[in-house]
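Chain letters run A, B, ... following the sequence lines, proteins first and then strands; every chain starts at 1.
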Amino acid sequence: MQEHTSAAFVRKQMLDQQPPPRMQVGAARWVRENLFSSWFNGILTLVSIYVIFLVLRPALPWLLGGVWNAGSLVECRQILTERFGNTHHACWAVLTERWNQLIYGFYPSSQYWRANLAFVLMLFAIAPVLFDRLPRRMLWFTVAFPFLMVWLVWGGPIWGPLSVAVGFALGGLAFKLADRFNSMAISAIAAVVVALAWWLFAGPPVVTDLSRIAPLGALPRVDSRELGGFMICLIIGISGIALSLPIGIILALGRQSDLFIVKTICVGFIEFIRGVPLITLLFTASLLLNYFLPPGTTFDLTLRVIIMVTLFASAYMAEVIRGGLAALPKGQYEAADALGLDYWKAQRLIIMPQALKISIPGIVNTFIGLFKDTTLVMFIGIYDMLGLSNAIRANAAWNGIYWELFIFIGLVFWICCFAMSRYSQWLERRLRTDHR
Amino acid sequence: MTTMTDPPNDQGFRLSQLIYDTRYRSATIQVIALIAFMVIAAFLVRNTITNLSALGKDIDFGFLFSRAAYDINQKLIPYSSNDPHWRAALVGLLNTLLVAILGCILATVIGVVAGVLRLSNNWLTARIMTVYVESFRNIPVLLWILAFMAVLSESLPSPRAFRGEEAEASMWLWNTIAVTNRGTYIPAPVWGPGSAIVVVIFLLSLLAIWAFGKWSQRRFEATGHLLPNFWIKLAILVGPTLLVYLLLGRPVAFSLPELAGFNFSGGIHLRNSMLALWLALSFYTGAFIAEIVRSGILAISKGQTEAAYALGLRPSRTMNLVILPQALRVIIPPLISQYLNLTKNSSLALAVGYMDLRSTLGGTTLNTTGRELESMLLMMLIYLVVSLVISSGMNFYNKTVRLKER
């Protein structure tokens, strides 16, 4: 064998760890991977930067250079001309002057505290519903809140809302008493009959007498047409959301039921509501609802709108929940049967919690849609924020101002709706029971 | 629950069985539900009749055949104020359908592009699309309609700006499209003699494309040879029509918009109200469609792509043959409801003064005739029919792409 004269090299000591090449770390690597990974990606990046530049170049000076204090658009433009030599800047002064109108509508300014208080109480009322770590006893306040809110916002003696609450309490009592017949249907009918009897016949004279004898907590009355702005959207939206969920559940169960007549009625209702635009239902509320009621009945317009919005949202809610019900494995129903639970117990303890959990995204989407749709009340003469923006523009001082108002209104809705969707994602993560 | 195979038959029927016996209970509930429903319906109808007779009104659709006496600024079929109300309603319905169809097309395009781009691995593009989707989804559509209307009527140049040697504004695309604050003017076709033949040839070539597609698919399945489908289809689309068009001496001309007096004349005038409604509805619904497309694509597991690559399919064919057919199954059902939403949202046309069904039948007709009940009933019925047609059409399409289960 021949000996090779190769320069064999064996390293004797370990090398220190070297940092990776500069292109493979930190910002440089991130930019390479996320912005310039291929030629197409690079073009996309350049186009995106150009688009951002196009949007921001006029928008930023416009947004930041705005005037916050002026009496009218003309005054605004004068200030801008003095300051910048042109008028390509926002005139936020309209918000400084009219923000209270956009929020409260024509609510008397001496009574703003009532609206504010109702708003704060509302946060307390919905907190235990949203976050289950809070003490359960707070739910009692949630139950009491609707009546409290009606009293605070509309004013008048406290006896009216209280009597409505008493109707609910009597209905609940009748429900409990009829429990021994062991039939949901009988209990429900008893509850409805007792409550209706109180509301229609017994309640009103009692309220009139009590209001005359002891006008307790009589706040100055505020008419419905004085409500407006963000406040009316919130009232209609929250009432619609709260009322449409239970009705939607009942409709969904009706649609899934084996009882032919019940099913037909529910399907007919859902398909009808889903087939027509909300705006036609609102017009029905404002033009036709009085035709359908006994002669001489007058209904508050806000209440009529709430009823229609609720019916509208319930139909959509029913479809969402039906999806959740359909997604449940059949074994869950069979398990409930195997435990010997009756229909309502099975629904309450086994089926509904799971079906609702599955349909959380859909439910929240319906809520968001409903909340955004409250702006449509503008068409039937209720001054919500959009209606008010038209009214403000009708004033000579602010004629021609668009973007400042639109941006404010859009921002308010955006914050509410975005918060709702974030909450739903949080809830979904929290309720996730599969081990992924 | 234990079942009794032969129930004691000596007791006879007791009334309480209606509630406690599961054999009768469902019938009891149904009867109660039916009675309750009929009572409520009767109550409503009776009230309506009483109220209407108290007002001296009756339910009568005869008003539809009397003279409408109002003008509609945008119409697809001939209409004058001497025409009856039903024709006004028809014009409105056509306007509704026009904006709905245009909106569905544009919204789909925007939605697919935005949905795909939001999944792009380019960080910046994905963020821009997220901003687009979140801002359009979380702000009421009515606000968007008003905002688009404000853009069109406030920030665009007036026709006057196009005047003169050194005009401030100029027309787009080689002086064919004029975008002004009074609306957009686009070239209008002028149908000369013989133009019918061109149209017929064009329609025939569309049919030929469809037939060719079928044939080429069969040939591909039989022999495995793939034709350059796209180029052949393009040739069929353009070739014959162009040939006939030139042979007949260019029977179809275009009338271009021209500045005359204070305004443009010639061409087709697209009103701002229509453009604002169309764009706003498309961008709004597009944001929802983008989310649907994104979730549809995400629903397909990555293994599918990898398997297709392992088989040697090119990315474009992987998309067309493997990913899209599966994603469509997830995408189509929610897409149907978005189309329905867009159609129903077109009733917000009222906000910008576009004369759709709600503004004609449910607006001017209702107000001038005072027939609220009849107009509203008719309008709801029409919307209902339109919705049912859309959903049944799309459901039919859904059936064709659905998983074929054996």
Quick check for you: among [options], which has the greatest number of heavy-atom pairs under 4.5 Å with chain A?
| options | answer |
| --- | --- |
| B:Leu117, B:Leu146, B:Val131 | B:Leu146 |
| B:Lys344, B:Glu372, B:Arg46 | B:Lys344 |
| B:Leu142, B:Ile128, B:Val141, B:Val45 | B:Leu142 |
| B:Leu52, B:Leu340, B:Val31, B:Leu350 | B:Leu350 |

Please classify the contact between [X] and chain A as side chain, backbone, both or neither, with a heavy-atom cut-off of under 4.5 Å.
| X | answer |
| --- | --- |
| B:Asn345 | neither |
| B:Ser347 | both |
| B:Val386 | neither |
| B:Leu366 | side chain |
| B:Ser120 | side chain |

Side chain from CB out, backbone as N, CA, C, O: work out which of these in A:Tyr402 comes under 4.5 Å of a heavy atom of chain B, or both, or neither.
side chain
Is there side-chain contact between B:Glu291 and B:Val133, with at least one heavy-atom pair below 4.5 Å?
yes
Applying side-chain contact (heavy atoms from CB on, under 4.5 Å) between B:Leu361 and each of B:Asp356, B:Ile382, B:Leu93, report the one that passes.
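When side-chain contact (heavy atoms from CB on, under 4.5 Å) is applied between B:Leu361 and each of B:Asp356, B:Ile382, B:Leu93, only B:Ile382 qualifies.
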Checking an interface table here. Which of residues 409-419 of chain A come within a heavy-atom distance under 4.5 Å of chain B?
A:Ile409, A:Gly410, A:Phe413, A:Trp414, A:Cys417, A:Phe418
Tell me, which pairs form a salt bridge (charged side-chain N to carboxylate O under 4.0 Å, His left out) where one or both residues lie in residues 119-135 of chain B, sequence neighbours left out?
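Listed once each, the pairs are B:Glu134-B:Arg137.
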Which pairs, with at least one residue in residues 272-282 of chain A and sequence neighbours excluded, count as a salt bridge (charged side-chain N to carboxylate O under 4.0 Å, His left out)?
none
Side-chain (A:Ser38) to main-chain (A:Asn41) donor-acceptor, under 3.5 angstrom:
yes
Once side chain to side chain contact (heavy atoms under 4.5 Å, CB included) is applied, do any residues pair with A:Thr280, and if so which ones, sequence neighbours excluded?
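Side chain to side chain contact (heavy atoms under 4.5 Å, CB included) check on A:Thr280 returns A:Val276, A:Pro277, B:Met376, B:Met379, B:Met380, B:Tyr383.
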